[in-house]
Amino acid sequence: MDPVTPTGGPGLQWAVHEVSICAAAVRAAEAKARELGGRRIAVLRLRIGALAGVVPEAMEFAYPVVCRGTLAEGSRLEVEHVPVRCLCESCEAEFEPKAAVYACPTCGRPSAKIVSGRELELAQIELE
Amino acid sequence: MEERKIVDIAQAVLAENDRMAAALRADFDRLGVFCLNVTSSPGAGKTALLERTLSDLAGEVPIGVVVGDLATDNDAARLRGKGARVVQVTTDGYCHLEANMVRAALDALGLDGLRLLIVENVGNLVCPATHDLGEHARVVLFSVTEGEDKPLKYPTLFKTADLVLVTKIDLAEAVEFRRDEALEAVRGVAPQANVLEVSAKTGLGLERWYEWLRRRLQPER
């Protein structure tokens, strides 16, 4: 049987980690918006790597809550997912690992050289 | 409709934390303090390991400890009276320590004269992965009672480890711990990390842990 992924909507308590991270993203976006004289943030775009240690669904859940009373109130969150890529130093080739052990598809050796996938980045905002 | 302006930002969401962590690391380097961020799931034996470590090393090396928990100062109480300076941070529900919490703790603790600062993070195998605390090295503990495949289930934090300590090794036989399987999981998920097996209770393997620590300390000033 496949693992069950709950879709019923997580509680805020479950997403406490993402609440703090979401709030940091909104703070940074607000600072930029103020600097540019924006009145309202309409869209906030994040890049989240698979190894960033945050759950994108929980970010989406926390987002409207942390936006309340900020320039981003009522805005839309868009998340770009960044897959993990690593480098096999023996084969000098990059690959996208398929499991928790980042085994090189050519030689089978586990890689510790992570090229991307740790991103947790405020990429872009749309201002009004 | 009002015109929209698209603004590229491309900055780390945790830039504020990262800046503060970098400032902490600069302070540690300036004062010759080696800082360790110790993480694990709740109950893996972080505090027990530190109790024993302080008892054995605090006479030799001046040690400071910042210990984080959601609530209570029980852990700090366990660690006091062993020759180290100890301060508790209660995160009030927060799932991990952040650099500003460490800064606040250090304002109370003081870094003067220390050569080793151990930050015991909140017991959690997920959230501490995201926040740099200014540490020089990260230690992840996993106990033999947690199951051999723990690193496979929580790879994100293990992939940030410099050292993985397999703890409670004295219980290995009683819980039918499959050592080879566990070590294979650690080495597969975290090939960058050193791996040591220890027991804070019997002392097994601790000398190698102390050696790992001593090798990283700055010379006495």
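Per chain, numbering begins at 1; letters A, B, ... match sequence-line order.
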Side chain to side chain, Glu184(B) and Val101(A), heavy atoms closer than 4.5 Å
no
Here the gap from Ser20(A) atom OG to Leu14(B) atom CG, rounded to the nearest 0.5 Å, amounts to 7.5 Å
Heavy-atom proximity to chain B below 4.5 Å, by part of Ala52(A)
backbone
Heavy-atom closest contact (Leu152(B) atom, Ala100(A) atom, distance)
O-CB, 3.7 Å
In Å and rounded to the nearest 0.5 Å, what is the NE2 to CD1 distance from His131(B) to Ile21(A)?
5.5 Å
Is it the backbone or the side chain of Ala10(B) that comes under 4.5 Å from a heavy atom of chain A, or both, or neither?
both
Is the number of heavy atoms from other residues, nucleotides or ligands under 6.0 Å of Arg208(B) CZ greater than 12?
no
For chain A, which of Glu16(B), Lys159(B), Glu98(B) has the most heavy-atom pairs under 4.5 Å?
Lys159(B)
Does this structure show an ion pair linking Lys5(B) with Glu128(A), if we count only N-O contacts that are shorter than 4.0 Å?
no
Ala123(A) versus chain B, the contacting section by heavy-atom distance below 4.5 Å
backbone
Separation between OG1 of Thr160(B) and CD1 of Ile114(A), rounded to the nearest 0.5 Å
9.0 Å
For Val84(A), is it the side chain, the backbone, both, or neither that has a heavy atom closer than 4.5 Å to a heavy atom of chain B?
neither
Pairs of heavy atoms under 4.5 Å with chain B: top-ranked of Lys113(A), Arg40(A), Glu119(A), Arg118(A)
Arg118(A)
Would you call Pro191(B) and Arg109(A) a side-chain contact if the rule is heavy atoms closer than 4.5 Å?
no
Any side-chain heavy atom of Val13(B) sitting closer than 4.5 Å to one from Arg27(A)?
no
By a 4.5 Å heavy-atom criterion (distance strictly below it), what part of Leu46(A) contacts chain B: side chain, backbone, both, or neither?
side chain
Would you say Thr130(B) and His17(A) make side-chain contact, with heavy atoms under 4.5 Å?
yes
Can you establish whether the number of heavy atoms outside Phe177(B) located under 6.0 Å from its atom CZ is more than 12?
yes
How far does CD1 of Ile9(B) sit from CD of Gln124(A), to the nearest 0.5 angstrom?
8.5 Å
Rounded to the nearest 0.5 angstrom, the CG-CG distance for Leu122(A) and Asp8(B) is 10.0 Å
I'd like to check Glu126(A) versus Val7(B) (side-chain heavy atoms, cut-off strictly below 4.5 Å). Are they in contact?
no
